[in-house]
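Right, one structure below, let's go through it.
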Amino acid sequence: MSDRTTTGTAAAVAGPLLLGVRHHGPGSARAVRAALDGARPAAVLIEGPPEGDALLPLAADPQMRPPVALLAHAVDDPGRAAFWPLAEFSPEWVALRWALAHDVPVRFIDLPATHSLALKEPVGDQPGEQPGEETALAPGGEEATPRVDPIRVLAETAGYDDPERWWEDVVEHRSPAADATADALAPFTALAEAMTALREAYGDGGHPRDAVREAYMRIQLRTARKEFGDGVAVVCGAWHVPALAARTTLAADRALLKGLPKVKAEMTWVPWTHRRLARHSGYGAGIDSPGWYGHLFGAADRPIERWMTKVAGLLREEDRFVSTAHVIEAVRLAETLVAMRGRPLAGLSETTDAVRAVMCEGSDVPLALIQDRLVVGETLGEVPDSAPAVPLQRDLTRSQRTLRLKPEALERELDLDLRKETDAARSRLLHRLRLLSIGWGEPSEGRGSTGTFRESWRLRWEPELHVRVAEAGVWGTTVATAATAKAESQALAATALSEVTALAEHCLLAGLPEALPVVMKALADRAALDADVGHLADALPALARSLRYGDVRSTDTAALAEVAAGLAERICVGLPPACTGLDADGAEALRRQVDGVHSAIGLLVAGATPAEAEAEAEATPAEAEAAPVEAGAEAGAEAGAEAGAEATPAGGLRDRWGAVLRKLAGRDTVAGIIRGRATRLLLDEGRLTEDEAARLMGLALSPGTPPTDAAAWIEGFVGGASGGGMLLVHDERLLSLVDAWLTGVPADTFTDVLPLLRRTFSAYEPGVRRTLGELVRRGPVPEGARNDGTDHAYPGFGPGLDADRADAVEPVLHLLLGRTPVPVEASA
């Protein structure tokens, strides 16, 4: 067998035809097509994993639409995976389609994925990946020479400061079709000579594992030449051409491959995106502008005019005024810039400068949209149904088609109405995928909120989700069975109560009734063993939300309701002792837990049946509502407990919790922020009169209370997003108490309470802060200054009714509600 090789003088020269390319280059792709048309090789060999040979015929399927990628993953460890992406303008894709169209044998000849996946370090470059400048590791782990970027070296040698611009000038913008007399192999000859000089100067260029890959490729090339003769074409990265043309022995190449580790690997085609072809994202393929390159490859003539037309169309879709005259002027400006800069054709920099000046009026804001939508692009490829896939992927694909949820590369919002059967099924699918760590959709804030009959999602399909699907395939062959199995496994492995409650919530959202018995048993076991009130308080809100979700989705949650009621009872018993002896951070954390428990109990009571609600009304004693806050707080708690024992779980729970809040509000040993919060919750629930609230505030702000404790009480009462600012605006007694206390704080302690006060009042809306400032600046109205018979300290605010102001608002309320005003005589 002859070792002579052909890199580009004439097709008739003996030896294999080595076509060195830059991965994902439209110029290289056009040159490869022209070279193959001229040489008509007997076989085509392509840099890629040989396991993909069985999948090559699928490239001719009408359903196959690039960008796509070969995905290889280890069978026993699906997370160990690698991609070989191919775009329409990739030279490898062009060579593959040419071979299939001309019925020419085609094979992959790179190192098998069974070896590359087993190696700790990546083996060489994936298609489209150029050698970077980071430091490589030699096979033994020692630091090797810095990696060399051959394109950058050649560009700098030619006097260019931008390697992309140099490559565009010498390759991408020079089409072989432009000159019928041009030698189609000339570009490959020149590039091979350049790479040979670089390999002589830099050796492996910081890629020590390339020697292994190139040894395997030389062995495959020898095998093909024995089978097809010298009429073999090889499409590979230009960096490898000198190594494939080198004279070596078969024994030497086999010695380099001896002892390579192996894993069992599987391979398939998966859709890819233009965004994932970009160098900066995920499994980058080495190009910054795949949308621009795709345009150059697809535009047979007048590429600049066609590009400017695309840009104009995009800007018009965004309601920007762009006329035909703008397009003509932008093209002329780009051509002028080309002449001034001495380039053969307008590149991306010239077109961008022209668009900025003519269509964007010098603004870079519209350019960001053009960069995202056109220069990079959001194209998502497609693969045929006959492509191999794990059973879980096939079930997911069927579900996507049934529910009309097409995977898209562009992020989009999806609003679901859970009262509709299709939307409810979509919600279950998305929640099951989240449970399986397949992040296709993420819940978002939309028209609906979590726990209601509406849900909002942000959907965006990323190519690497195929790896997540393969990883999740160990749990089952369908999405439902896989999610059920994983939920059961997580329930058995969970060590914290909050983990199990969150899992129960996920199971209800995902509609996994088969997993609920295991999860509920784990939940009951953890709840029985956990005596930490903080853990119970963290767990209860998730259970309450789950009950609400079960109601919306018509799920049986009777067992969950029993566990939630038991947790709530234990919290009512253990919370008061837990609120004593806390530092500032602990008190703040417990205050948040009190808020969460209060909201959760509200959901539990709201979800009670009509019979439970009636029992609550009958079992609530009047004494519980009017129980003394100070010395009689314990008696009120006992009364509430007795009422709760007689009522149903939902009916008595509200009174038990109200008694607990009274106990917290009246104990001096409880942290100030918790006492203030408990008082506020009682006031909002109508279990505390305004006079009682004012009296409690007066006690908390009395001269005998340390200023820091008083400030903490204020923060608990009116702090955060609880509407405390409006409470001060409309209740002049509370505002007067806060004002009097604040003005009486000694100067030496004022700096200690200032951070607490700033944190409290900074959370208010600007309008509320402004109104409070105006009221405080105005000061109290002297007694007798008002002639309306009231004793308000601040004019226009107070608990009394201002009839004139109410009458002025009434017509507006009727207009908003769409009701006809009732005449005064009729209402009387």
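Nothing here was measured: the structure is a model prediction, and the numbers come from that model.
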Inset, instruction - Name the orientation class of the two ring planes belonging to Trp457 and His431 (parallel below 30°, tilted from 30 to 60°, perpendicular beyond 60°). - result: perpendicular

Inset, instruction - Would you give the length of the straight line joining atom CG of Leu512 to atom NE2 of His506, rounded to the nearest 0.5 angstrom? - result: 11.0 Å

Inset, instruction - Mind listing the closest non-hydrogen atom pair of Leu277 and Pro85 along with its distance? - result: CD2-CB, 4.0 Å

Legend entry - Validation row: Arg654, Arg687 side chains within 4.5 angstrom (heavy atoms): yes

Legend entry - Distance (rounded to the nearest 0.5 Å) between Leu117 CG and Lys264 NZ: 14.0 Å

Legend entry - Euclidean distance, Asp395 CG relative to Gln400 CD, rounded to 0.5 Å: 10.0 Å

Legend entry - Sole candidate of Val390, Leu405, Leu433, Leu436 that passes side chain to side chain contact (heavy atoms under 4.5 Å, CB included) when paired with Leu396: Leu433

Inset, instruction - Over 60° means perpendicular and under 30° means parallel, so classify the ring planes of Trp461 and Trp440, tilted if in between. - result: perpendicular

Legend entry - Which residues share a side chain to side chain donor-acceptor pair (under 3.5 Å) with Glu471, sequence neighbours left out: Arg468

Inset, instruction - Let me see the working for Leu435 and Leu509 under side-chain contact (heavy atoms from CB on, under 4.5 Å), right down to the final yes or no. - result: CA-CA 10 Å; Leu435 187 60; Leu509 289 169; over 6 Å; no

Inset, instruction - Return yes when atom CG of Asp583 has more than 12 non-hydrogen atoms of other residues, nucleotides or ligands closer than 6.0 Å, and no otherwise. - result: yes

Legend entry - Among Val660, Leu540, Leu661, Leu536, side chain to side chain contact (heavy atoms under 4.5 Å, CB included) partner for Val597: Leu540

Legend entry - Point-to-point distance, once rounded to the nearest 0.5 Å, from CD1 of Ile571 to CZ of Arg656: 11.5 Å

Inset, instruction - State whether the side chain of Asp709 and the backbone N or O of Gly672 hold a donor-acceptor pair below 3.5 Å, judged by distance alone. - result: no

Inset, instruction - Dump the intermediate steps for ring pair (Phe, Tyr, Trp, His ring centres under 6.0 Å) on His466 and Trp269, then the final yes or no. - result: CA-CA 10 Å; His466 289 281; Trp269 288 106; over 10 Å; no

Inset, instruction - Determine yes or no for a side-chain-to-main-chain donor-acceptor pair under 3.5 angstrom, with Ser489 supplying the side chain and Ala485 the backbone. - result: no

Inset, instruction - Report the C-alpha separation of Arg592 and Asp595 in whole Å, then their side-chain angles, then the decisive distance to 0.1 Å, and conclude whether the salt bridge (Lys or Arg N to Asp or Glu O under 4.0 Å) test is met. - result: CA-CA 5 Å; Arg592 290 194 295 268; Asp595 282 344; over 6 Å; no

Inset, instruction - Report yes or no: does Arg432 contribute a side-chain atom to a donor-acceptor pair with the main-chain N or O of Ala480 at less than 3.5 Å? - result: no

Legend entry - Ser599 side chain to Gly596 backbone, donor-acceptor under 3.5 Å: no

Inset, instruction - Return the minimal non-hydrogen interatomic distance between Ala487 and Val519, and the atom names on each side. - result: O-CG2, 4.3 Å

Legend entry - Closest contact, heavy atoms only, Leu403 versus Ala425: CD2-CB, 3.6 Å

Legend entry - Side chain to side chain, Pro443 and Glu455, heavy atoms closer than 4.5 Å: no

Legend entry - Step-by-step side-chain contact (heavy atoms from CB on, under 4.5 Å) determination, Asp372 to Arg275: CA-CA 9 Å; Asp372 185 66; Arg275 186 169 299 279; 2.4 Å; yes

Inset, instruction - Locate the shortest heavy-atom distance separating Ala81 from Leu71; write the atom from each residue and the value. - result: CB-CD1, 3.9 Å

Legend entry - Min side-chain heavy-atom separation Leu523-Thr501 under 4.5 Å: yes

Inset, instruction - Check whether any side-chain N or O of Arg458 sits under 3.5 Å from a backbone N or O of Ser444 as a donor-acceptor pair, and report yes or no. - result: no

Legend entry - Steps toward side-chain contact (heavy atoms from CB on, under 4.5 Å) verdict (Leu380, Arg276): CA-CA 10 Å; Leu380 176 64; Arg276 277 292 182 258; over 6 Å; no

Inset, instruction - Would you name the heavy atoms of Leu653 and Ala568 that are closest together and state the gap between them? - result: CD1-CB, 3.5 Å

Legend entry - Spatial distance of atom SG (Cys579) from atom CG (Leu664) [nearest 0.5 Å]: 4.5 Å

Legend entry - Any Glu266 side-chain heavy atom under 4.5 Å of His73 side chain: yes

Inset, instruction - Could you tell me whether Asp423 and Arg426 make a salt bridge, using a distance below 4.0 angstrom between a side-chain N and a carboxylate O? - result: yes

Inset, instruction - Could you check if a side-chain atom of Val594 sits within less than 4.5 angstrom of a side-chain atom of Leu681, using non-hydrogen atoms only? - result: yes

Legend entry - Derivation and outcome, side-chain contact (heavy atoms from CB on, under 4.5 Å), residues Trp475 and Leu392: CA-CA 9 Å; Trp475 298 107; Leu392 182 61; over 6 Å; no

Inset, instruction - Flag the pair Ile674 / Leu582 as yes when at least one side-chain heavy-atom distance between them is below 4.5 Å, and no otherwise. - result: yes

Inset, instruction - Would you indicate whether the side-chain heavy atoms of Gln393 and Thr397 approach each other to under 4.5 Å? - result: yes

Inset, instruction - Report the distance from atom CG of Asp668 to atom OG1 of Thr580, rounding to the nearest 0.5 Å. - result: 12.5 Å

Legend entry - Within-4.5 Å side-chain heavy-atom neighbours: Thr422 and Lys420: no

Inset, instruction - Give the minimum heavy-atom separation between Glu488 and Glu514, together with the two atoms involved. - result: OE2-O, 3.5 Å

Legend entry - Exam field: side chain Arg460 to backbone Ala409, donor-acceptor pair closer than 3.5 Å: yes

Inset, instruction - Tell me, please, which residues at least two apart from Asp385 pass salt bridge (charged side-chain N to carboxylate O under 4.0 Å, His left out). - result: Arg401

